[in-house]
Amino acid sequence: MYVLLGIPLLTIVPVAFYFGGLYIAAASLSVAVLLSIAVYRYSPGLLLKWYKCKKMLPVKNIDIDSALFFLASKFSIPCPKAYKFASSVPIVFTVGSGRNFSVVLSEGALDILDESEMKAVLTCEAAKIASGSVPLNTIVALVAGSVASLSTVAMWMSMLAGFGHEKDAAPRFARFLGMGLVSLPAALLVHLFSVNSTLRSDETAARIMADASYLEEALCRMNNYIRLHCIEDFNPGHVHMFLINPLRVNNMFDVYSSMFMIKPEFERRLRAIKKVIDTGNCQR
Amino acid sequence: MFAIISDIFRSIKNWKKALLFSFVSYMVVLFGIIVAIVFILKGFSRNLPILMGTTVAYIFLLLLALLIARHLFKKRLIEE
């Protein structure tokens, strides 16, 4: 993992050797190694801070904690912690590195899912942890998300330069232009380095569950809510981590979102779960 | 005429449009780089080789990135 993360940073070393000699190259190599270790260790915490996540209160999360404990023993994974963040959109994702994992649920997800559906969603997240894709996806989300968020900086700079408000034409155009610059490297990062384990984790979760129809219901409910009510903007660099893709191309300004839609088609996911139900592979 | 252009534009997939606009955004940056070089080196025609070299290298790298992106997006992207 460290090696994979360090490869892009190691390109700095020959440049440093060319300009500064052996000592500068050695110094840049050690900085690159330290930086890659720091990104690996602190990326989950930074992403939790990014979404202003809070630990769930013990009164509210008794079922979630016990469900996570049960799933951790079933999948033989370290028990993840449960966090929540303020958003009306039902979003669920997992971040983590090493043996520390956190399952993050939005308040929207807590509101619209019932207990069985919530357990189904948590099973899916536990399957993702068991597949080993979470640490790499977390790092990619942090780096690609940071790159993609530079377009917002462009918009704010144009607003501070006196070109109007957030909904005015000039700041929106500045953001569009900025997004044109940053979405290509961010999308390439996501496509080259992220691990798409969605279908595999759906199938694994469906096999582990006693009744996989709850997973189907939960996914349908979340997807319908996002299709009908989602008006929030999400960082496209983070979407590969989410259980359901909240990005939609509604107008010309959203066109860059289409570069980040790497999740399998929703109908395909449902078909995969149905196939598991029909073949009777669920652990009843 | 506008109807034909509009029809062609609608028929293009969203990720291809995104790549097109991305290319235009990077061309704006190239324009800025050329202006900066002209102002710093104080002259256009006498610094033409430097400007041409910069432009060719920039466009080559950009097209390479766009080709890689096109290859990856064609395989993995979902059009909803």
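Proteins come first, then strands; the chains are lettered A, B, ... in the order of their sequence lines, and each starts at number 1.
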Does NE2 belonging to His71(B) count more than 12 external heavy atoms closer than 6.0 Å?
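Atom NE2 in His71(B) is not crowded, with 12 or fewer foreign heavy atoms closer than 6.0 Å.
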Any non-hydrogen side-chain atom of Met252(A) less than 4.5 Å from a side-chain atom of Phe21(B)?
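Yes; the side chains approach each other to less than 4.5 Å.
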Leu19(B) vs Met259(A) side-chain heavy atoms within contact, under 4.5 Å
yes
Distance from Lys17(B) atom NZ to Ser258(A) atom OG, nearest 0.5 Å?
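Interatomic distance, Lys17(B) NZ to Ser258(A) OG, rounded to 0.5 Å: 8.5 Å.
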For the atom pair OG (Ser25(B)) and CG (Leu177(A)), what is the distance rounded to the nearest 0.5 Å?
4.5 Å
Restricting to non-hydrogen atoms, name the atom on [X] and the atom on [Y] that form the minimum distance, rounded to 0.1 Å.
| X | Y | answer |
| --- | --- | --- |
| Gly180(A) | Tyr26(B) | O-CE1, 3.6 Å |
| Val255(A) | Asn14(B) | CG2-O, 3.5 Å |
| Ser22(B) | Leu184(A) | OG-CB, 3.8 Å |

What residue pairs, at least two apart or across chains, pass ring-ring contact (aromatic ring centres under 6.0 Å, His included) with a residue in residues 236-258 of chain A?
Trp50(A)-His238(A), Tyr51(A)-His238(A), Phe93(A)-Phe242(A), Phe176(A)-Phe253(A), Phe176(A)-Tyr256(A), Phe234(A)-Phe242(A)
What part of Val24(B) gets within 4.5 angstrom of chain A, counting heavy atoms only: side chain, backbone, both, or neither?
neither
Could you look at Val249(A) and say if it's the side chain, the backbone, both or neither that has a heavy atom under 4.5 Å from chain B?
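Contact with chain B: side chain only.
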